[in-house]
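A short write-up of the structure that comes next.
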Amino acid sequence: MAILVTGGAGFIGSHTVVELQQAGEDVVILDNLSNADERVLGRLKAITGKDALFYKGDIRDRKILAEIFEKEKITSVIHFAGLKAVGESVEKPWEYYDNNITGTLTLIDEMRRHGVKNIIFSSSSTVYGDPDAVPVTEESPKKACTNPYGWTKSMLEQILSDVQKADPEWNVVLLRYFNPIGAHKSGTIGENPNGIPNNLMPYITQVAVGKLKELNVFGNDYDTPDGTGVRDYIHVVDLAKGHVCALKKLAPGSGLSVYNLGTGTGYSVLDIVKNFEEATGVKIPYVIKPRRADDIACNYASPARAEKELGWKAENGIREMCEDSWRWQKNNPNGYAD
Ligand code: NAD
Ligand code: UD1
């Protein structure tokens with residue numbers, strides 16, 4: 001009996017593989033390595049002492065999916081595989097819809113053909129758009145997305161909900177992640193963006209390690225305490241543990257479940273800079289720049305439902321998130337290439 005982790009060589013997937021194996025689960029990974037490095041597998045083994053079976057392949061490839069479902073005893077799928085760069089999705093909408101939507105449709109079709117009807121899906125706080133009120137709960141309205149990446153998450157939530165409604169044998173968990181940062185305590189696995197990072201924490205760590213000159217702070221005139229954008233940063237290991245807890249919602253008859261995975265606390269860009277400097281002793285020079293297109297002022301979660309129903313709560317604070325992001329970056333300035 002094993003869990004299929006699509007995108008298991010990526011940032012959140014690799015951390016989830018660790019937590020699954022440490023909880024005693026057998027893991028099969030399917031990843032096309034479009035945004036990952038195979039060398040992560042050796043690092044995973046060094047942490048857990050266990051092998052994860054690895055299939056290099058694409059979720060749009062029915063042949064490899066059929067092979068996995070026929071050979072391995074898969075009970076449930078944790079589905080991370082997808083493209084996730086917001087700006088790139090605006091330039092390449094077809095590629096994003098094909099990879100994320102065609103990919104997921106193909107995956108769930110092969111799942112049902114092989115009688116596997118349990119899935120945990122990586123959704124995002126992006127489905128709330130610019131929220132009317134914070135903290136957002138799972139009942140807060142979903143709003144229009146501003147880019148194809150966001151739409152793929154919103155549409156896939158709808159698709160998975162409709163599939164579950166039509167066939168109650170499906171158990172579907174939609175996990176809406178807030179802003180994952182941090183890395184495994186070992187400092188051996190972490191986020192490894194291609195090119196110049198889009199997201200805040202990898203940008204900061206690359207400034208800290210000397211690869212980038214200074215941080216551009218996108219806007220200081222938002223309606224927030226210090227004028228910079230506020231987000232709910234969550235340690236990736238806490239996020240990974242949320243998936244282990246969510247497995248219990250794949251029990252027969254569970255149906256459709258939706259959870260925010262966040263800490264419930266918002267930090268501004270300047271809060272993050274200050275906390276990073278305090279946690280690491282490394283100075284982060286920054287300049288204030290105009291707002292980034294389509295950015296929102298503030299978003300943070302109510303994680304109450306996940307705590308009540310899954311018994312899950314984020315344990316790491318902002319200091320650990322900064323320390324652990326830095327340990328990974330410092331030890332691996334060029335990601336897995338070193
Ligand atoms: P990631 O890019 O590190 O991981 C995604 C993995 O999927 C990569 O290893 C990539 O090689 C693989 N992949 C992509 N397309 C594939 C395909 N067609 N077939 C097989 N493998 C494929 O990203 P991540 O940060 O670990 O994110 C994981 C999931 O969580 C994604 O679905 C992402 O959209 C979602 N998510 C991420 C964040 C975030 O801030 N990181 C926030 C909300 C939601
Ligand atoms: C981004 C994505 C969102 C995705 C989320 C998690 C956009 C518009 N949205 O959201 O769809 O779900 O990541 O992966 O990209 N910031 C800077 N300087 C930087 C980078 C970021 O000031 O170099 C600021 C941003 O303006 C924002 C905050 O830092 O206020 C966080 O940014 P980021 O890490 O990109 O996450 P989100 O904007 O929440």
Side-chain angles (χ1 to χ4, degrees), residues 5-16 29-38 40 55-61 64-65 78-90 95-96 98-100 102-104 106-107 121-129 145-147 149-153 156 175-181 190-194 196-204 206-207 212 214-220 222 224 228-234 236 239-240 261 266-273 286-300:
V5 182
T6 73
F11 172 44
I12 306 170
S14 58
H15 286 82
T16 303
I29 297 173
L30 171 65
D31 198 302
N32 67 1
L33 301 178
S34 59
N35 195 35
D37 189 310
E38 199 166 349
V40 72
Y55 285 82
K56 182 176 177 214
D58 199 292
I59 52 167
R60 290 163 294 183
D61 178 354
I64 197 159
L65 288 168
I78 304 184
H79 177 33
F80 294 104
L83 298 176
K84 63 161 187 177
V86 171
E88 187 184 60
S89 79
V90 177
E95 283 74 7
Y96 271 66
D98 180 49
N99 194 87
N100 294 6
T102 310
T104 303
T106 311
L107 171 69
F121 174 64
S122 300
S123 188
S124 166
S125 58
T126 198
V127 300
Y128 295 115
C145 298
T146 53
N147 56 77
Y149 164 73
W151 279 120
T152 68
K153 293 295 169 194
L156 285 167
L175 296 181
R176 294 177 177 158
Y177 311 152
F178 281 69
N179 289 58
I181 60 173
E191 187 168 13
N192 186 26
N194 279 327
I196 296 179
N198 297 306
N199 296 116
L200 180 63
M201 184 54 87
Y203 203 104
I204 289 179
Q206 291 202 11
V207 170
L212 295 167
E214 60 199 4
L215 171 69
N216 301 309
V217 174
F218 296 141
N220 66 348
Y222 285 105
T224 59
T228 65
V230 169
R231 298 289 186 275
D232 187 338
Y233 297 91
I234 173 165
V236 65
L239 191 66
L261 294 185
Y267 287 100
S268 74
V269 177
L270 296 181
D271 287 335
I272 298 294
V273 170
Y286 67 84
V287 286
I288 305 293
K289 289 281 166 129
R291 293 179 177 194
R292 185 170 65 179
D294 300 325
D295 256 1
I296 58 171
C298 178
N299 194 11
Y300 55 92

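Hydrogens, waters and symmetry mates play no part in the numbers below; they use all other heavy atoms, side chains included. Whatever order the structure lists them in is the order used to number ligands and atoms, beginning at 1.
Looking only at heavy atoms of the protein, atom 4 (O) of ligand 1 is closest to G10 CA, 3.6 Å. Looking at atom 13 (N) of ligand 1, its nearest protein heavy atom turns out to be N32 OD1, 3.4 Å. Atom 33 (P) of ligand 2 has N199 ND2, 3.4 Å as its closest protein atom, hydrogens excluded (heavy atom only). In terms of protein heavy-atom proximity, atom 34 (O) of ligand 2 is nearest to L200 N, 2.9 Å. Nearest protein heavy-atom contact of atom 28 (C) of ligand 1 is F80 O, 3.7 Å. Scanning all protein heavy atoms for the shortest distance to atom 3 (C) of ligand 2 gives V86 CG2, 4.0 Å. Scanning all protein heavy atoms for the shortest distance to atom 10 (C) of ligand 1 gives D31 OD1, 3.5 Å. Ranking protein heavy atoms by distance to atom 20 (C) of ligand 2, first place goes to N198 O, 3.5 Å. Nearest to atom 29 (O) of ligand 2 among the protein's heavy atoms is V269 CG2, 3.5 Å. Of the protein's non-hydrogen atoms, the one nearest atom 25 (C) of ligand 2 is D295 OD2, 3.4 Å. For atom 2 (O) of ligand 1, the nearest non-hydrogen atom of the protein is N35 ND2, 2.7 Å. With hydrogens left out, the protein atom closest to atom 5 (C) of ligand 1 is G82 O, 3.9 Å, a heavy atom.
Between P197 and L212, the shortest heavy-atom contact is CD-CD1, 4.1 Å. Across all non-hydrogen atoms, the minimal contact from C298 to R231 is N-NH1, 4.1 Å.
Looking at ligand 2, you won't find any N or O of P180 less than 3.5 Å from one of its N or O atoms. Not a single N or O atom of P180, backbone or side chain, sits closer than 3.5 Å to an N or O atom of ligand 1. In terms of polar-atom proximity, I12 is counted as a contact of ligand 1, with an N or O under 3.5 Å from an N or O of the ligand. Checking only distances, Y203 never comes within under 3.5 Å of ligand 2, N or O to N or O. Annotation: I59 places an N or O atom under 3.5 Å from an N or O atom of ligand 1; distance criterion only. Ligand 1 has a nitrogen or oxygen under 3.5 angstrom from a nitrogen or oxygen of F11. Not one N or O of F178 is nearer than 3.5 Å to an N or O of ligand 2, by distance alone. For ligand 2, the polar-atom distance check against R231 finds a nitrogen or oxygen pair separated by under 3.5 Å. Residue-to-ligand polar distances keep A9 apart from ligand 1: every N/O pair is separated by 3.5 Å or more. Residue R292 has at least one N or O atom closer than 3.5 Å to an N or O atom of ligand 2.
When F218, Y286, Y233, Y149 are ranked by how near their heavy atoms come to atom 31 (C) of ligand 2, first place goes to Y233. Summarising the contacts of atom 23 (O) of ligand 1 with R176, K153, K84, the nearest heavy atom is found in K84. Among Y149, Y177, Y55, the residue whose heavy atom lies nearest to atom 33 (C) of ligand 1 is Y149.
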Evaluate the side chain to side chain contact (heavy atoms under 4.5 Å, CB included) criterion for residues L65 and L30: first the C-alpha distance (whole Å), next the side-chain angles of each, then the deciding distance (0.1 Å), finally the verdict. CA-CA 9 Å; L65 288 168; L30 171 65; 3.7 Å; yes
Check the pair L215 / V273 against side chain to side chain contact (heavy atoms under 4.5 Å, CB included), numbers first and verdict last. CA-CA 9 Å; L215 171 69; V273 170; 3.6 Å; yes
Hey, mind stepping through L83 and N35 against side chain to side chain contact (heavy atoms under 4.5 Å, CB included) and telling me if it holds? CA-CA 8 Å; L83 298 176; N35 195 35; 5.8 Å; no
Between Y286 and E214, does a side chain to side chain contact (heavy atoms under 4.5 Å, CB included) hold up when you go through it step by step? CA-CA 5 Å; Y286 67 84; E214 60 199 4; 5.7 Å; no
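Between the CG atom in N147 and the NZ atom in K153 there is a gap of 11.5 Å [rounded to 0.5 Å]. Taken from CD1 in I29 to CZ in F80, the straight-line distance is 10.5 Å, to the nearest 0.5 Å.
At a 4.0 Å cut-off, not a single heavy atom of S125 sits close enough to ligand 1 to count as contact. Under a 4.0 angstrom heavy-atom cut-off, T6 registers as lying outside contact with ligand 1. Remark: distances from the non-hydrogen atoms of G150 to ligand 2 are all 4.0 Å or more. The shell of residues lying under 4.0 angstrom from ligand 1, judged by heavy atoms, excludes E191. Not a single heavy atom of D294 sits under 4.0 Å from any atom of ligand 2.
With Y222 as the aromatic partner, R291 meets the cation-pi criteria of under 6.0 angstrom to the ring centre and within 45 degrees of the ring axis.
Contact annotation: for L33 versus ligand 1, heavy atoms closer than 4.0 Å belong to the backbone alone. With a heavy-atom cut-off of 4.0 Å, N216 touches ligand 2 through its backbone alone. Residue contacts with ligand 1 for S123 involve N, CA, C or O but no side-chain atom from C-beta outward (heavy atoms, distance under 4.0 Å). Residue contacts with ligand 1 for N99 involve side-chain atoms from C-beta outward but no N, CA, C or O (heavy atoms, distance under 4.0 Å).
Under the 3.5 Å distance criterion, with hydrogens and angles disregarded, no donor-acceptor pair is assigned to the side chains of S122 and H79.
Checked for salt-bridge contact, D31 and K56 miss the test: no charged N lies under 4.0 Å from a carboxylate O. The residues R60 and E95 are annotated as not salt-bridged, no charged nitrogen and carboxylate oxygen being separated by less than 4.0 angstrom.
Each of the following atoms of ligand 2 lies closer than 4.0 Å to a heavy atom of S124: 12 (O). Those atoms of ligand 2 with a heavy atom of V217 less than 4.0 angstrom away are 22 (O). Ligand-side atoms of ligand 1 in range of S122: 29 (C), 30 (O), 32 (O), 35 (C), range being under 4.0 angstrom from any heavy atom. The atoms of ligand 2 that sit less than 4.0 Å from any heavy atom of N179 are 36 (O), 37 (P), 39 (O). Of all the atoms in ligand 1, the ones that sit under 4.0 Å from a non-hydrogen atom of D58 are 17 (C), 18 (N), 19 (N), 20 (C). Residue contact check: G57 has heavy atoms under 4.0 Å from atoms 19 (N), 20 (C) of ligand 1. Near S34, the atoms of ligand 1 lying under 4.0 angstrom from a non-hydrogen atom of the residue are 10 (C), 11 (O), 13 (N), 14 (C), 15 (N).
Here the side chains of Y233 and L200 are in contact, with some heavy-atom distance below 4.5 Å. Proximity of K84 to N99: side-chain heavy atoms (C-beta onward) are nowhere separated by under 4.5 Å. In this structure, the side chains of I12 and Y177 come closer than 4.5 Å at one or more pairs of heavy atoms. Residues Y203 and N216 are in side-chain contact: their nearest non-hydrogen atoms beyond the backbone lie under 4.5 Å apart. For the pair I272 and I204, the minimum side-chain heavy-atom distance is below 4.5 Å.
Relative ring orientation between Y149 and Y96 is described as perpendicular, the plane-to-plane angle rising above 60° on a 0-90° scale split at 30° and 60°.
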